[in-house]
Amino acid sequence: MKRSKMMELGVGLFMLAGILGLVFLGLRVSGLTFTPPGDTFTLEANFSNIGGLKPRARVTMAGVNVGRVSAIELDTDWYDARVVMELDGELEGRLSRDTTAAILTSGLLGEQYVGLSVGGDPETLADGDSIRDTQSALVLEELIQQFVSNMVSD
Amino acid sequence: MIRQLTALGRRGCEVLEALGRAGMFLAQSSLGVPSREGVYLWLRQMHFVGVLSLAIVLVSGLFIGMVLALQGYTILVDFGAEQALGQMVALSLLRELSPVVAALLFAGRAGSALTAEIGLMKATEQLTSMEMIGVDPLRRIVAPRLWAGFVALPLLTIGFSVVGIYGGYLVGVEWLGVFDGSYWGNMQSSVDFIADVGNGMVKSLVFALVVTWIAVFQGYDLIPTSEGISRATTRTVVYSSLAVLGLDFVLTAVMFGGLS
Amino acid sequence: MSDSPFVVIDGLHFSRGDKDIFRGVSLTIPRGKITAIMGPSGTGKTTLLKLIGGQLTPEAGRVCIDGQEVHALSRKALFRLRRRMGMLFQSGALFSDLSVFENVAFPLRVHTDLPESMVRDLVLMKLEAVGLRGARSLMPSELSGGMTRRVALARALALDPELILYDEPFVGQDPISMGVLVQLIKRVNEALGLTAVVVSHDIKETLSIADYVYVIADGQVMAHGTPATLDVDQDPRVSQFVHGEPDGPVPFHYPAPDFRHDMLDAGGVR
């Protein structure tokens with residue numbers, strides 16, 4: 001029965017290694033952090049054009065990750081894009097009412113993300129509020145068109 | 001013309017019949033409550049298909065990770081984007097290469113052995129005699145192997161990914177001099193646990209089921225002669241490789257292709 | 001009740017592909033006796049055993065064991081019935097991953113909840129009966145052909161079955177182990193009062209132990225009787241088989257066109 005003990009040990013180690021490997025993939029490779037659930041709050045922002053923004057894109061403040069985009073939908077009242085964001089709970093009640101949101105691009109060809117910057121209003125945004133002051137994505141074609149038409153009119 | 005049509009029809013019926021048999025076979029052998037004895041049998045098969053396949057899977061994973069890093073570096077460096085190496089290695093491994101290559105290796109290493117083993121049992125009347133003793137060979141012989149394969153391959157796939165990412169690190173960071181902070185950092189910011197690791201695991205589970213199912217069924221259904229066994233072993237490897245690659249395309253299209 | 005036959009086979013039809021193997025075979029196997037089923041190779045004797053064991057299903061006719069119709073039973077009831085049967089396979093069919101001891105213990109372990117010490121006693125008893133108690137820790141690959149068959153016999157007897165089926169028990173054995181097996185089958189049957197079916201084409205050995213003999217050829221029962229009556233049977237086919245003559249009503253040649261014609265027909269294909 002010695003051999004079967006060795007075999008059981010082998011299988012046990014194999015399965016343990018598999019689970020540890022999965023933990024490694026979770027923590028080291030996908031950078032998963034365990035945040036207790038309910039530790040987020042949502043804000044909305046309407047943009048006239050979101051460019052190439054995708055759900056799950058980053059939301060940053062001064063370059064630091066503070067949340068992610070959870071949904072993008074068309075607002076049929078104004079025919080613009082409503083972007084729903086999930087932000088870290090510790091920011092709840094800390095963002096001033098005149099916070100601005102802008103769609104930015106990382107690098108020249110990189111992915112697009114939302115950048116927030118705070119204003120000076122003493123009133124703060126609460127869960128579910130929407131950000132008024134937004135700046136749409138830069139669309140390269142529009143930029144070029146503008147540039148060309150400026151040249152022509154000169 | 002008519003004769004060819006008839007032949008085609010007969011082939012079709014045969015294929016359908018075989019699929020039906022295989023389906024019944026899967027249902028009959030995988031369902032049912034395992035006994036304590038069954039757990040022990042499963043452990044033994046885990047050792048056989050899992051632990052003994054570990055070496056080949058890990059070594060292949062290491063080399064594939066290293067090659068990915070080397071090839072990726074030479075391309076990325078032209079764009080000055082070599083800091084994205086970690087992201088490239090991790091994503092290609094997790095989404096695609098680990099599930100597929102591990103499944104192919106598994107089919108060659110464990111699948112063919114399962115077919116030959118069960119085929120030999122059939123040829124030497126062990127399955128029949130077990131039935132005559134009053135023990136269902138589907139439960140006793142087939143079920144533990146099926147479940148062992150189903151559990152072992154995802155674990156092997158995880159091992160493949162981990163070792164492959166480490167291999168990419170060795171080549172990219174230690175040898176080619178990519179900054180190790182950007183290797184891991186880029187990887188972490190682009191890999192999503194559910195979408196990348198999770199979907200890779202789902203693929204691997206599907207492949208595990210298909211490969212083990214084909215292997216065990218080919219063994220159980222073969223013609224019990226030495227020629228029959230060698231043919232069934234070949235069929236196991238051919239069918240499971242084709243099934244893995246075909247299913248991989250379908251699964252990739254559903255998961256990452258944006259089709260919904 | 002105990003005089004009623006143990007196995008009744010009635011009007012059995014079975015075919016494999018286009019080839020009819022049985023065309024209306026009927027026979028009865030009496031309780032507590034050794035019944036031999038004989039016939040030339042390829043007449044489906046092993047198939048008959050598989051039909052009795054319920055592994056194959058006949059196209060017509062029925063097989064009753066102790067009053068239960070085998071092919072009308074549910075899968076569960078069939079497995080329960082099989083516990084009362086033992087079968088000795090041509091190749092022995094020992095489980096190659098288990099030792100001799102574990103092979104014999106296998107039926108006990110799956111069908112009973114006996115404590116380990118009792119299992120050990122029973123297994124050693126059975127192994128002693130076939131003279132292989134000393135070989136208990138060997139693996140099947142280390143056994144000779146005759147020993148394999150004796151271990152398989154011990155395994156078939158492990159659950160003390162009421163019916164035991166022997167599939168070609170003497171094939172490919174040297175004279176000594178053949179003699180051992182003949183003695184064993186005879187002794188086991190006398191000691192335990194089993195109903196036994198021996199399928200074989202080894203005439204001398206089978207006739208020496210059988211109480212009753214059926215001869216099957218061409219998918220039908222050709223003759224039956226006690227060994228003594230068969231020995232003097234006038235039917236040329238029976239006497240050819242019983243006395244082992246090479247050519248007779250059962251031809252030596254596989255059906256073929258005329259030999260001279262075949263040789264001279266050089267223009268034809270093949």
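Residue numbers start from 1 in every chain, and the chains themselves are labelled A, B, ... in the order their sequence lines are given, proteins ahead of strands. None of these values were measured; they are calculated from a predicted model. All values below come from the heavy atoms of this structure, side chains included, with hydrogens, waters and symmetry mates left out.
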What pair of heavy atoms forms the shortest contact from [X] to [Y], and how long is it?
X	Y	answer
R83(C)	I133(B)	CG-O, 4.3 Å
L94(C)	Q126(B)	O-CD, 3.2 Å
A93(C)	S129(B)	O-OG, 3.4 Å

Would you say [X] has more than 12 foreign heavy atoms packed within less than 6.0 Å of its [atom1]?
X	atom1	result
L124(C)	CG	yes
R120(C)	CZ	no
K33(C)	NZ	no
Y239(B)	OH	no
M118(C)	CE	no
Q4(B)	CD	no
R109(B)	CZ	yes
R231(B)	CZ	no

Are F95(C) and M121(B) side-chain neighbours, meaning at least one heavy-atom pair lies under 4.5 Å?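 Counting from C-beta outward, F95(C) and M121(B) never come under 4.5 Å.
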Identify which of P107(C), S96(C), G53(C) forms the greatest number of heavy-atom pairs closer than 4.5 Å to chain B.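 That would be S96(C).
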Atom [atom1] of [X] and atom [atom2] of [Y]: how far apart are they, to the nearest 0.5 Å?
X	Y	atom1	atom2	answer
M132(B)	L88(C)	CE	CG	11.0 Å
K50(C)	E125(B)	NZ	CD	6.0 Å
T128(B)	L49(C)	OG1	CG	12.0 Å

Is there a side chain to side chain contact (heavy atoms under 4.5 Å, CB included) between F106(C) and R140(B)? Walk through the geometry before answering. CA-CA 12 Å; F106(C) 182 83; R140(B) 170 97 195 178; 3.3 Å; yes
Which answer fits R80(C), side chain, backbone, both or neither, if we ask what part of it has an atom under 4.5 Å from a heavy atom of chain B?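 It is neither, since no heavy atom gets under 4.5 Å.
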Structural part of M87(C) lying under 4.5 Å from a heavy atom of chain B: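 Just the side chain, heavy atoms under 4.5 Å.
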